[in-house]
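Reading through the C-alpha cells given below for one structure.
Labels below follow one simple rule: chain letters A, B, ... track the order of the sequence lines, proteins then strands, and each chain is numbered from 1.
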Protein chains: 2
Amino acid sequence: MKAKIESDLAGAGHATMQDVARHAGVSLKSVSRVVNREPHVSEKLRMKVEAAIADLNYIPDIAARSLAGSRTFIIGLLFDNPSPNYTMKLQAGVYRACTEHGYHLRIDNVDSSCSPAVLESRLDAIVRNSRCDGFVLTPPLTDNPQVLDFFDARGVRYVRIAPSVEVDRSPGVLIDDEAAAGSVARYLWDLGHRRFGLVTGPVEHGAAAKRRAGFLDMLSGLGLTEPVAEAAGGFSFEGGITAGQQLLAAQHKPTAIFATNDDSAAGVMVACSQAGVAVPADLSLCGFDDSWIAKSVWPYLTTISQPIEEMGHAAATFLLDRRDSQPALRTLQFHLVQRDSVAAPAQEKSTSVA
Amino acid sequence: MKAKIESDLAGAGHATMQDVARHAGVSLKSVSRVVNREPHVSEKLRMKVEAAIADLNYIPDIAARSLAGSRTFIIGLLFDNPSPNYTMKLQAGVYRACTEHGYHLRIDNVDSSCSPAVLESRLDAIVRNSRCDGFVLTPPLTDNPQVLDFFDARGVRYVRIAPSVEVDRSPGVLIDDEAAAGSVARYLWDLGHRRFGLVTGPVEHGAAAKRRAGFLDMLSGLGLTEPVAEAAGGFSFEGGITAGQQLLAAQHKPTAIFATNDDSAAGVMVACSQAGVAVPADLSLCGFDDSWIAKSVWPYLTTISQPIEEMGHAAATFLLDRRDSQPALRTLQFHLVQRDSVAAPAQEKSTSVA
DNA sequence: ATGCCGATTGGCAACGCTGTCAAGATTGCG
DNA sequence: CGCAATCTTGACAGCGTTGCCAATCGGCAT
C-alpha cells in the first residue's frame with residue numbers, strides 16, 4: 001500500500017499539494033503560491049500548476065491550511081434566539097458570500113440571557129475552539145456590550161448586523177429604520193390619510209424606537225397636528241391583536257395604522273376582522289420587515305422590505321474582503337412593498353387641511 | 001519573543017497539548033490519551049492531566065486534530081430550498097447535539113434542481129472540502145436518489161431526515177405521517193364530525209400522500225361512507241385559499257377540514273373569513289406541522305406537532321454515537337396540539353349513523 | 001527469585017500546508 | 001560588459017495532534 005512513491009494520484013486518498021507539485025514538475029511552494037494567488041508567480045508557472053490542479057481535481061485541505069497558516073477559512077455566524085425567517089435569510093446571505101470566497105460557514109448559538117460569567121466562558125469556548133477568521137453578529141447580540149467588549153478585547157474581527165447602539169464602534173451593516181418608517185408615513189399621507197394609529201415595539205429594541213420616531217417625525221413634518229394614537233404591540237402577533245383592539249376602540253378610529261413589525265401587523269389584522277373593520281376599505285394597514293407572515297395574511301401586507309439576505313452577504317463580504325478592520329458602516333436600501341393592505345381612505349367630510 | 005522555552009503558558013498564544021504535558025510532567029501522548037478518553041490510562045495520570053488542562057484552560061486545536069487524525073469534529077447540515085421555520089428548528093436540534101459532543105456545525109446549501117452533472121460536482125466539492133464526519137440530509141435532499149447514491153458510493157456517513165422513499169436504505173429519523181393524519185381523523189370523528197374536506201399537498205411530496213392516505217383510511221375504518229371532498233392546496237398559503245373556496249362552495253359544506261400542512265390551513269382560514277364561515281363555530285379546521293404560522297392566525301390552529309428540533313438532535317446523535325453505520329430508523333412521536341380552530345359540529349339533524 | 005504477559009507510558013514520524021529565507025534567474029543601469 | 005537590484009523559485013522547518021511502535025512497569029505463575 002506504500003506504492004504512492006511514483007504515482008501522481010497517491011493511491012486511494014485525494015490528491016495533495018505534493019501530488020500537484022510533482023505532476024506539474026514544480027516545487028511544493030510554487031503550488032501554494034498559485035493556490036493562494038500570491039504575487040511573484042510567472043504566467044507560465046501559474047498555467048502549469050493550474051493545469052495540474054485541474055488534472056488531479058485537487059482541492060486544498062482546510063485543516064492543513066489553517067494549521068499551518070493563520071487563516072482558517074471559516075466564518076462564524078452567531079445568533080441568539082433566532083427568529084426563523086430573519087435568521088434563515090441572513091444565513092443564506094452569509095453563506096453565499098462564504099462560497100464566493102471559498103470559505104465555510106460555521107453556526108454557533110449564544111444565549112445572551114445567561115449570567116455574564118457563563119456568557120464569557122461560552123464566548124471563550126466559541127472563539128477559541130472555532131478559530132474563525134471572523135464573526136457575524138446578529139441582533140440582539142449585535143447590541144450586547146459584553147459581547148462587543150469581549151471581541152474587541154480579543155482582537156477578533158466581527159461585523160454587526162443592524163446595530164443600534166454605539167453604531168460607530170465597529171463595522172456594521174444596517175438600514176435606515178428611521179427613514180424607512182418615514183417613507184411609510186409619507187406614503188400613507190400622500191394617499192390622503194390624516195388619522196393615524198401606531199403600534200409600537202418593545203422599548204428595549206433599538207430599531208423599534210427608530211421606527212416610531214421616523215414615522216412620527218415625518219408626519220409632523222408633513223403638517224399633521226392631530227396626535228397619533230399609539231398602542232404597544234411588543235413586536236408579537238398577540239401584542240398586535242391587543243394593540244389593534246385598543247386602536248379600533250377609539251372614538252375616532254384611525255384610517256391608517258402603522259405596525260412597526262409584521263407580526264404585530266398581522267395581529268392588528270385579526271383585531272380588524274373581529275371588529276368587522278375591512279382592510280383596506282375601512283382601514284389601511286402597514287407593516288415592517290416583509291417577513292414571511294406578510295404573505296400569510298389576507299390581504300397581503302404592505303410593508304417595508306429589508307434586504308436581509310443582502311445584509312448577510314454584505315456583512316460576510318466585509319469580513320472577507322477588507323482585511324483591515326477599520327470600523328465602517330454599510331447602509332443598505334430598504335424599500336416599500338406595496339401589496340393589498342393599504343388604500344386611500346374612504347370618502348369623508350375630512351378634507352380638512354388647507 | 002522566543003522565550004517560550006520554559007514557560008508553561010507559551011507566551012501570547014493559547015496553551016497547546018505540549019504545554020499541558022510539561023505542566024503535568026507527562027508525555028505529549030499521554031495528554032492526547034486523556035483528551036480522547038482512550039483506554040489504558042491510569043487513574044492517577046488522568047487526574048494529573050485533567051488538572052493541568054484545567055489550570056491552563058487548554059482547548060484542543062481542531063485543525064490539528066483533523067489533520068493528524070481521521071476525525072474532523074464537524075457535522076455538516078445540508079439543505080436545499082430551506083423553509084425557514086422547519087430548517088431553523090432542525091438546525092437548532094442538530095446544533096444542540098453537536099455541542100453536547102464537542103462537535104461543530106457546518107452549513108451547506110445544495111440546489112438539487114440543477115443538472116445532475118452540476119449537482120455531482122457541487123456535492124464533490126462539499127464532501128471533499130468539508131471533510132465532515134457525517135452529514136444530516138434534510139428534505140428534499142433526503143429523497144434525492146442521486147444524492148444518496150453519491151454518499152453511498154463515497155462511503156460518507158449520513159442520516160436522513162423524514163425519508164419517504166427507500167426508507168430502509170440508510171439511517172433516518174422520521175415520524176409516522178400516516179398515523180398522525182389518522183389521529184386527526186379520529187379526533188374530528190370523535191367530536192361528531194361526519195362531513196369532511198381534505199386539502200391535499202403536492203403529489204410529488206412523499207409525506208403529502210401519506211397524510212392523505214392516513215386520514216382517509218382512518219375515516220373509512222371508522223365507518224364513514226360519505227365521500228371526503230378533496231381539493232389541492234399545494235402546501236401553500238395561496239393554494240389553501242383556493243382549496244378552501246372550492247370546498248366551501250360545495251352543496252353540503254363539510255363541517256371539518258383537514259389541511260395537510262399549516263400553510264394551506266391558513267389559506268383555508270382566509271377563505272372561511274371571506275365566505276363568512278366562522279371557525280370553529282361553523283367549521284373545524286386542522287393543520288399539520290405546528291409551524292410558526294399556526295400561531296399567527298386567528299383562531300390559533302389545531303395541528304399536528306412534529307418534534308422537529310428533536311429530529312435534528314436525534315439525527316446528529318445518530319451520527320455521533322453510533323460509529324457503525326448500519327441502516328436504522330428512529331421514529332419519533334408526533335402529537336396533536338389542540339388549539340382553537342376545532343370544535344364539535346353545530347347541531348343539525350345529522351345524527352345519522354346507527 | 002526468574003521469566004513472561006498485559007497494562008501503561010513515551011518517542012517519533014507523519015498529516016498537508018504555509019512562512020521564512022536563501023538561491024537562482026532576469027533586468028536595469030552605469 | 002559588470003554588478004546591483006528585483007523578480008521567481010525552491011528548500012525546509014514547523015503548525016498541534018494522532019497513530020504506530022517501542023520501552024517500561026507491575027504482577028503472577030513457575
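Take Tyr95(B) and apply the ring-ring contact (aromatic ring centres under 6.0 Å, His included) test, not counting sequence neighbours, and it matches no residue. With sequence neighbours left out, Glu309(B) forms a side-chain hydrogen bond (donor to acceptor under 3.5 Å, both in side chains) with Arg96(B). When the side-chain contact (heavy atoms from CB on, under 4.5 Å) test is applied to Ser27(A), the partners found at least two apart in sequence or on another chain are Lys29(A), Ser30(A). For Thr72(B), the side-chain hydrogen bond (donor to acceptor under 3.5 Å, both in side chains) partners at least two apart in sequence or on another chain are Asp133(B). Scanning for side-chain hydrogen bond (donor to acceptor under 3.5 Å, both in side chains) contacts around Arg65(A) gives Asn36(A), with sequence neighbours left out. Partners of Ala314(B) under the side-chain contact (heavy atoms from CB on, under 4.5 Å) rule, at least two apart in sequence or in another chain, are Val173(B), Arg330(B), Leu332(B). Every residue was checked against the side-chain hydrogen bond (donor to acceptor under 3.5 Å, both in side chains) condition with Asn144(A), not counting sequence neighbours, and none meets it. Here Tyr158(B) pairs with Phe151(B) under the ring-ring contact (aromatic ring centres under 6.0 Å, His included) rule; sequence neighbours left out.
One atom, CD of Gln18(A), and another, P of dA11(D), lie 10 Å apart when rounded to the nearest Å. Atom CG in Asp61(B) sits roughly 14 Å away from atom C1' in dG14(D) (whole-Å rounding). If you measure from atom CD1 of Ile59(B) to atom P of dC15(D), you get 20 Å, rounded to the nearest angstrom.
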B/S/- along nucleotides 18-25 of chain C (protein heavy atoms under 4.0 Å) is BBB-----
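In this structure, Ser27(B) reaches the dG10(C) phosphate: one of its side-chain N or O atoms is under 4.0 Å from OP1 or OP2. Residue Ser30(A) places none of its side-chain N or O atoms closer than 4.0 Å to OP1 or OP2 of dT9(D).
Contacts with DNA chain C (heavy atom under 4.0 Å) in residues 40-48 of chain A: none are found.
Note: Phe73(B) CZ to Leu320(B) CG = 10.0 Å, rounded to the nearest 0.5 Å. For the atom pair CD (Glu38(A)) and CZ (Arg46(A)), the distance works out to 13.5 Å, reported to the nearest 0.5 Å.
Across the interface with DNA chain C, nearest-nucleotide mapping of Leu67(B) and Pro39(B) shows Pro39(B) to be the residue nearer the 5′ end.
Sorted pairs that involve residues 105-130 of chain B and meet ring-ring contact (aromatic ring centres under 6.0 Å, His included), not counting sequence neighbours, are lacking altogether.
Both key distances under 3.5 Å define a Watson-Crick or G-U pair, and stretches of 3 or more such consecutive pairs in DNA chain C run C:1-30 with D:1-30.
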